Amino acid sequence: MRTTPEQTGGGRQRASLVAKAREAIEEGSKSFAAASRLFDRTTRERVWLLYAWCRRCDDIADAQDKGGALGDQSDAAKRLRSIKLLTNRAFDRMPTADVAFDAFGQVAIEAGITHEMAEDVIAGFALDADDWRPRTEKDMMQYCYHVAGAVGVMMGVVMGVAKDDGEMLDRACDLGLAFQLNNIARDIEEDDAAGRCYLPVEWLSEADIPPGQHMKPMFRRELVGLVARMLDLAEAHEAASRLGAKNLPFRSRWAVLSAARIYGAIGRKVRRSGTAAWDHRIYVSGLAKARHVAAACFEALVNRPEPPAEMPRWSRRDFARAPAPAPVIPPEE
């Protein structure tokens, strides 16, 4: 009986995988695509390969097409099993018939990404598949870790950080946490329309906002206060991430600082917009991105990050390989 031979990248040519991955990042995240061009060629291509997997997993998990509208969620468990199966095949150097998973197989071998790292990211898709809601701030940060902090850890490894360098991986995780907190703050209205809420139930209760009512006009000022609290967390993690960027090669440091500035700008625009923050989707213009990239270049050259007055309360060590929080049971109507 013939067996399928093991082949890195599922047997596809690396150049073909890179080209498809580049298309994925340019279509899926203009901010991330802009920052990725600052890496050296090898790192840049590996970042694209990893992004392609993340984007494809997210699309499969939410039944989306390149981050579009959510699809039918009735078979979420089946789609999650598909992600796990295809990822395991990629690790085993088996063809997956999906270019994004073959791309992941390529970069996993090249950079030394581990099963545990991938499983931490997949756990975030599992939370969404279970229609999970965070009860506490720790629950919210657990979710942010799985969907972005753990990706930051893999990005760190792709940039050459040693898998046993806990301090550097903590800082890479900090940047991912900051990204996700900013994204949640910006996308509260979109998430609500899709039946999702990533604000902790305890926060909503403290603000006297009934479950599922946070987007109602009468609670808009209270919502602004909760989002400010979230953005304070984001800025603390962003500041901590700069301590890790200091130890990266110049081009990687420049790319990381550019991304930090661009994503941080999203959160700061949300903060400045106050009660109007969700009247339309907030974005950073191309010209503003260029300014952030230029400022990041100067910051990377000087390379003297200001230590935060206090390190963030939450870290990778609180969440890595930890069990998912218990789901919130909504109150009966």
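No hydrogens, no waters, no symmetry mates; every other heavy atom, side chains included, goes into these values. If you're wondering where the values come from, they're calculated on a predicted model, not measured in any experiment. If you read the sequence from its start, that first residue is 1, and numbering goes on from there.
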Quick check on the hydrophobic clustering: are Leu257 and Leu243 connected, directly or via other members, by side-chain heavy-atom contacts under 4.5 Å?
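No, Leu257 and Leu243 fall in different hydrophobic clusters.
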
Ring centers of Phe91, Phe104 separated by less than 6.0 Å
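That pair passes the under 6.0 Å test.
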
Working to the nearest 0.5 Å, report the span between CG of Asn247 and CZ of Arg171.
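Output value for this atom pair is 10.5 Å.
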
Would Arg316 and Asp170 satisfy salt bridge (Lys or Arg N to Asp or Glu O under 4.0 Å), going step by step from the backbone distance to the final call?
CA-CA 6 Å; Arg316 176 180 67 99; Asp170 286 349; 2.7 Å; yes

Salt bridge or not between [X] and [Y]? Use side-chain N to carboxylate O under 4.0 Å.
X: Arg268; Y: Glu238; result: yes
X: Glu27; Y: Arg55; result: no
X: Arg44; Y: Asp40; result: no
X: Arg41; Y: Glu45; result: yes
X: Glu299; Y: Arg242; result: yes

Enumerate the salt bridge (charged side-chain N to carboxylate O under 4.0 Å, His left out) contacts for residues 276-288, please, sequence neighbours excluded, ordered by first and then second residue.
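Listed by first then second residue: Asp187-Arg281, Glu190-Arg281, Arg220-Asp279.
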
Any idea how Phe32 and Tyr51 line up, ring-wise: parallel (<30°), tilted (30 to 60°), or perpendicular (>60°)?
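Because their plane-to-plane angle is over 60°, the rings of Phe32 and Tyr51 count as perpendicular.
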
Counting N and O atoms only, with roles assigned by atom type, does the side chain of Asp139 sit under 3.5 Å from a partner on the main chain of Thr136, one being a donor and the other an acceptor?
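Judged by distance alone, yes, a pair lies under 3.5 Å.
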
